[in-house]
Amino acid sequence: MISFIDSFKYELEQESVQTRRMLQIVPADKMDWKPHPKSMTISSLTNHLAEMPIMISLVLDQDKWDFTNMPYTPVVSTNAEELVARFDECVKSAQNSLDQADDSILQKKWLLCAGEAVYLDLEKWQAIRHAFGQNVHHRAQLQVNLRLLNIPVPGPYGPSADEM
């Protein structure tokens, strides 16, 4: 029977291929564009997406991420090459953390908070699943944004309309 950690390694590997394909086509001249005043810019969205695998490392390597004590300042990439390089660094960090972990820690609690304000209170396995869900969610947002800019997009789980 495969372990949960091994299944997370497999999913990280598979989803990383698709996320990298999306980040590779982000045009540098559209980084400030956003589809709606309440939306993130492509820069904010892609930089967040590129760093999403860090959450896996944070979940496995510590029991809490408190923004009050450990604020997060994202690395700002300005083009596709930088985004992919940052993404690859973050994936490598997640892979290393997964390599050092085993299923015995996955039912431990993990908190995402800012002092007393708790944003997530999950078991570690749930927090990792949450990170994968966030990756897919933000990748889909990026795909829609690029489509709105008439940029052909790849299909993550089969051909997109642009690839047919």
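- Other residues, nucleotides and ligands contribute only 12 or fewer heavy atoms inside 6.0 Å of the CE atom of Met164.
- Listed by chain and residue number, Glu15, Val136, Arg139 satisfy the side-chain contact (heavy atoms from CB on, under 4.5 Å) test with Tyr157 (two or more places apart in sequence, or in another chain).
- Partners of Leu148 according to the side-chain contact (heavy atoms from CB on, under 4.5 Å) rule, which considers only residues two or more places apart in sequence or in another chain, are Trp33, Pro35, Val144.
- Residues passing the salt bridge (charged side-chain N to carboxylate O under 4.0 Å, His left out) test with Asp32, sequence neighbours excluded: none.
- Minimum interatomic distance between Ala114 and Asp66 (heavy atoms only, all atoms of both residues): CA-OD1, 3.4 Å.
- Every residue two or more places apart in sequence or in another chain that forms a side-chain contact (heavy atoms from CB on, under 4.5 Å) with Asp121 is listed here: Lys109, Leu111, Val118.
- Two different hydrophobic clusters hold Val17 and Phe87 under the rule that ILVMFWY side chains link at heavy-atom gaps under 4.5 Å.
- A distance of 9.5 Å separates CG of Leu83 from CD of Glu51, quoted to the nearest 0.5 Å.
- Grouping the Ile, Leu, Val, Met, Phe, Trp and Tyr side chains by contacts below 4.5 angstrom, directly or via other members, places Met40 with Ile25.
- Scanning all heavy atoms of the two residues, the minimum distance from Ala94 to Pro53 falls at CB-O, 3.5 Å.
- In terms of heavy-atom proximity, Leu146 sits nearest to Met22 at CD1-CE, 3.8 Å.
- Across every non-hydrogen atom of Trp110 and Ala127, the tightest pair is CE3-CB, 3.6 Å.
- Rounding to the nearest 0.5 Å gives a distance of 9.0 Å between NZ of Lys92 and CG of Asp99.
- With sequence neighbours left out, Glu89 forms a salt bridge (charged side-chain N to carboxylate O under 4.0 Å, His left out) with Arg86.
- Closest heavy-atom contact between Ser7 and Ile2: N-CD1, 3.8 Å.
- Remark: Asp162 pairs with Arg147 by the salt bridge (charged side-chain N to carboxylate O under 4.0 Å, His left out) rule, at least two apart or across chains.
- In this structure, the ring-ring contact (aromatic ring centres under 6.0 Å, His included) partners of His48, at least two apart in sequence or on a different chain, are His138.
- What you find for Leu49 and Leu23 is that their closest heavy atoms are CD2-CD2, 4.0 Å.
- Looking at residues two or more places apart in sequence or on another chain, you find a side-chain contact (heavy atoms from CB on, under 4.5 Å) between Glu123 and Gln107, Trp125, Gln126.
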Any chance you could lay out the side chain to side chain contact (heavy atoms under 4.5 Å, CB included) test for Val91 and Thr19, step after step, and finish with the verdict?
CA-CA 11 Å; Val91 168; Thr19 301; over 6 Å; no
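- Within the structure, salt bridge (charged side-chain N to carboxylate O under 4.0 Å, His left out) contacts touching residues 21-31 (residues at least two apart or in different chains) are Arg21-Glu163.
- Considering only heavy atoms from C-beta on, Leu58 comes within 4.5 Å of Met70 through its side chain.
- Atom NZ of Lys34 has more than 12 neighbouring heavy atoms from other residues, nucleotides or ligands inside a 6.0 Å radius.
- With sequence neighbours left out, the salt bridge (charged side-chain N to carboxylate O under 4.0 Å, His left out) criterion links Lys108 to Asp63.
- Side chains of Leu120 and Met55 form a contact here, defined as non-hydrogen atoms less than 4.5 Å apart.
- Note that the CG atom of Leu12 and the CD1 atom of Ile56 stand 5.0 Å from one another [nearest 0.5 Å].
- The structure places OG of Ser16 at 12.5 Å from CE of Met52, a figure rounded to the nearest 0.5 Å.
- Two residues are said to be in side-chain contact when any heavy atoms from C-beta on lie closer than 4.5 Å; Arg20 and Asp88 meet this criterion.
- Taking the side chain as every heavy atom from C-beta outward, Ile128 and Glu11 never approach each other to under 4.5 Å.
- Crowding of Phe4 atom CZ: a count of heavy atoms from other residues, nucleotides or ligands under 6.0 Å not exceeding 12.
- A search for side chain to side chain donor-acceptor pair (under 3.5 Å) contacts involving Asp6 returns Ser3, not counting sequence neighbours.
- With sequence neighbours excluded, the residues forming a ring-ring contact (aromatic ring centres under 6.0 Å, His included) with Trp65 are Phe67, Tyr72, listed by chain and number.
- Interatomic distance, Ser97 OG to Ile54 CD1, rounded to the nearest 0.5 Å: 10.5 Å.
- Side-chain contact between Gln100 and Asn96 is absent, with no heavy-atom pair separated by less than 4.5 Å.
- Between the OG1 atom of Thr46 and the CD atom of Gln141 there is a distance of 11.5 Å, given to the nearest 0.5 Å.
- The closest side-chain heavy-atom distance from Pro156 to Gln143 is below 4.5 Å.
- In this structure, Ser57 contributes its side chain and Ser93 its backbone to a donor-acceptor pair below 3.5 Å.
- In this structure, Val84 and Ser77 have side chains that are not in contact, with every pair of non-hydrogen atoms separated by 4.5 Å or more.
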When you look at Glu82 and Val76, which way does the side chain to side chain contact (heavy atoms under 4.5 Å, CB included) test go after all the steps?
CA-CA 9 Å; Glu82 291 174 4; Val76 178; over 6 Å; no
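- A heavy-atom distance below 4.5 Å is found between the side chains of Phe8 and Leu106.
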Check the pair Val153, Leu142 against side chain to side chain contact (heavy atoms under 4.5 Å, CB included), reporting the backbone distance first and the verdict last.
CA-CA 10 Å; Val153 295; Leu142 176 58; over 6 Å; no
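- Within the 3.5 Å criterion, the main-chain N or O of Ala28 finds no donor-acceptor partner in the side chain of Asn79.
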